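Notes for the one structure printed next.
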Number of protein chains: 2
Amino acid sequence: MLCVVDVPRAIKPVDFLEKPRPEVAREAVERGVSEHRCVIIIGACEVSYRGRASSKLELGERVVFIKEDGALLVHRPSQYSPVNWMPPQCLYETRTVGNSLVIKAVRRKPSEAIEITFNRIHAIATLTLTDRGEFSLYASEEEMGEAIKSDPNLIEPDLRLTSMEKKVEPGFIDLYGTDKQGRLVVIEVKRTTAGRRAATQLARYVEAIKQHTNRKVRGILVAPNISKETKTLLATLNIEFKQLSPRRCAETLNRKRERETLDKYARNTKMD
Amino acid sequence: MLCVVDVPRAIKPVDFLEKPRPEVAREAVERGVSEHRCVIIIGACEVSYRGRASSKLELGERVVFIKEDGALLVHRPSQYSPVNWMPPQCLYETRTVGNSLVIKAVRRKPSEAIEITFNRIHAIATLTLTDRGEFSLYASEEEMGEAIKSDPNLIEPDLRLTSMEKKVEPGFIDLYGTDKQGRLVVIEVKRTTAGRRAATQLARYVEAIKQHTNRKVRGILVAPNISKETKTLLATLNIEFKQLSPRRCAETLNRKRERETLDKYARNTKMD
DNA sequence: GTTTCCATTTCGTCA
DNA sequence: TGACGAAGTGGAAAC
């Protein structure tokens with residue numbers, strides 16, 4: 001029987017070299033890259049790039065960051081953007097020329113190459129980073145519902161929503177309203193790609209509403225996108241689809257909150 | 001008499017802290033930021049952002065890079081783009097909570113804020129970088145001159161240039177030649193928007209040439225573009241403007257170099 | 001794969 | 001300072 005134990009890793013998370021000689025630096029970079037570790041080089045360098053464009057960066061002190069996947073960033077001491085870079089999956093080649101370390105990275109399709117020449121290296125850090133953390137951007141499903149309620153134009157013009165907030169099924173936020181032509185509108189929101197489940201759920205709900213009214217009832221499925229099969233299903237069920245991303249909703253909410261803050265401030269100053 | 005000596009700077013280019021305790025780390029970040037130095041923090045952190053959008057990044061090991069101007073980057077071990085960031089000019093606030101270091105950065109207009117919580121810090125590097133190197137995308141001023149010499153059609157048809165390369169003023173490359181109608185042509189090249197200086201400089205040069213010849217002399221200012229006031233000045237000085245971008249020049253040079261490489265290859269294979 | 005469109009776009013230039 | 005457009009745009013989704 002195989003026994004798996006949690007062995008502490010032999011490699012330190014951060015290996016730091018201060019003022020390494022060129023050959024030592026070269027070896028550190030070469031090893032770091034081949035072992036798919038992150039390598040950060042701090043020093044004075046020149047950079048030339050040739051590929052989708054051409055560029056030349058004169059001598060200066062910068063931070064060069066090579067990532068596990070081969071992505072490369074050359075950062076100056078200021079500004080958000082790297083002055084030079086290479087996308088992930090590029091190939092590396094290092095050499096020393098006199099007292100300098102030369103790092104060359106190339107990529108095919110599109111063909112491009114960068115060459116960085118360090119004539120002085122302050123430090124090199126080689127990192128072993130473990131990052132499995134999930135990154136979630138923008139709004140939750142609930143926040144999407146809030147955003148639509150606060151600005152129904154996200155769905156269509158002249159739509160008026162009544163805040164009912166009744167949940168038909170856990171995890172789905174439903175909105176009711178009336179459109180420009182006075183038809184009832186039932187909306188179901190999904191934060192990710194809408195699947196069959198969401199479509200049939202909404203269809204059942206539309207049918208239920210129709211039992212209690214003589215007015216026309218529209219069903220609108222709102223989601224950042226939709227699978228092809230669900231799309232055909234929607235056509236069969238006579239339900240509409242409205243594309244809307246959590247990001248867009250978050251923007252709307254943020255604007256709304258900003259307005260509210262401003263209003264509050266205005267009221268407060270007025271009261272003084 | 002004042003005596004200037006080359007004093008080694010008191011601040012080391014790289015200050016490195018390995019596994020600093022939270023309070024030590026906090027102080028290092030606080031000082032680095034207030035002294036407008038670059039600060040790189042390597043460790044395990046969570047990140048939340050609220051502003052133009054909202055986001056949440058779960059625990060994981062990352063590199064956080066704060067630049068001299070306050071720009072902040074949170075980089076995961078892979079990918080080109082930072083997972084979170086803040087633009088330059090944002091304000092910082094640090095604190096320790098239990099064994100964690102919290103870094104908060106805020107900005108107005110648009111209102112946004114990021115909060116990074118490190119529950120483990122592998123290392124902090126504080127950097128003092130000097131970077132005055134010029135970055136030129138596409139062709140340099142000199143290369144623009146080369147491109148024009150190799151293909152005068154970039155300026156106008158039937159222009160013939162004699163390679164004189166005499167510099168009138170540092171940073172300006174001048175080209176001389178003869179146009180279709182036998183007039184002398186004096187060209188001044190600027191890599192960026194042409195200003196008043198370039199115009200008057202060229203005008204003086206044209207006048208100087210006129211002293212030594214009976215032929216008509218044209219002055220052409222070559223630049224990617226020109227300010228409105230400089231344009232009116234050019235009219236007064238009777239100098240022409242030819243729009244030409246470093247990009248176009250770089251493309252011309254690249255094609256030329258490609259041709260040369262192909263020719264060389266053709267010759268070599270022929271000799272085999 | 002290629003194309004299209006969005007972005008916490010960033011970054012410059014100009015009015 | 002705000003508006004407009006380009007970018008070695010990058011990145012995701014659609015086709």
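The figures that follow rest on heavy atoms only: side chains count, while hydrogens, waters and symmetry mates do not. Just so we're clear, the structure is a prediction, and the values are computed from it rather than from any experiment. Proteins come first, then strands; the chains are lettered A, B, ... in the order of their sequence lines, and each starts at number 1.
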[X] has an atom [atom1]; how far is it from atom [atom2] of [N], in whole Å?
X: Arg247(B); N: dG8(D); atom1: CZ; atom2: P; value: 7 Å
X: Leu137(B); N: dA6(D); atom1: CG; atom2: P; value: 15 Å
X: Trp85(A); N: dG11(D); atom1: CH2; atom2: P; value: 11 Å
X: Tyr80(B); N: dT9(C); atom1: OH; atom2: C1'; value: 11 Å
X: Ile226(B); N: dT13(C); atom1: CD1; atom2: P; value: 15 Å
X: Leu73(B); N: dG10(D); atom1: CG; atom2: C1'; value: 15 Å
X: Gln79(B); N: dG10(D); atom1: CD; atom2: P; value: 12 Å
X: Asn225(B); N: dG12(C); atom1: CG; atom2: P; value: 15 Å

Could you check whether [X] gets within reach of a base, just the sugar-phosphate, or nothing at all, counting any heavy atom under 4.0 Å?
X: Asn84(B); result: base
X: Arg50(A); result: nothing
X: Glu112(A); result: base

Check every atom of [options] against the side chain of [X] and return the nucleotide holding the closest atom.
X: Lys109(A); options: dG10(D), dT2(C), dT10(C); value: dT2(C)
X: Arg52(B); options: dT10(C), dC14(C), dG8(D); value: dT10(C)
X: Thr193(B); options: dT10(C), dA7(D), dC14(C); value: dC14(C)
X: Ser81(A); options: dC11(C), dG8(D), dG2(D); value: dC11(C)

Query raised in the report: Under 3.5 Å, is there a donor-acceptor pair between the Ser100(A) and Asn119(A) side chains?
Result: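 There is no such pair (donor and acceptor under 3.5 Å, judged by atom type) between the side chains of Ser100(A) and Asn119(A).
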
Requested in this report: Verify whether one side chain among Thr94(B) and Arg26(B) offers a donor that lies under 3.5 Å from an acceptor in the other.
Outcome: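 The answer is yes; a qualifying pair exists.
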
Query - Which residue lies more 5' along DNA chain D, comparing Phe135(B) with Pro88(A) via nearest heavy atoms - result: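 The 5'-side residue here is Phe135(B).
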
Report task. Using the P atoms only, state how far dG8(D) lies from dC4(D), rounded to an integer number of Å. Result ->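 One P to the other, the span is 23 Å.
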
Query raised in the report: Less than 4.0 Å between a side-chain N and a carboxylate O, is that true for Glu93(B) and Lys104(B)?
Result: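 No, Lys104(B) and Glu93(B) are not salt-bridged.
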
**Report entry** salt_bridge(Lys242(B), Glu156(B)) N-O dist < 4.0 Å
**Finding:**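 A salt bridge is absent here (no side-chain N lies under 4.0 Å from a carboxylate O).
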
Query - For Lys67(A), the option from Leu72(A), Ile40(A), Leu73(A) that meets side chain to side chain contact (heavy atoms under 4.5 Å, CB included) - result: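 Considering Leu72(A), Ile40(A), Leu73(A), a side chain to side chain contact (heavy atoms under 4.5 Å, CB included) with Lys67(A) is found only for Leu73(A).
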
Requested in this report: Please evaluate the base of dG8(D) for a donor-acceptor partner in the side chain of Tyr49(A) within a cut-off of under 3.5 Å?
Outcome: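 It does, because a donor-acceptor pair links the side chain of Tyr49(A) to the base of dG8(D) below 3.5 Å.
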
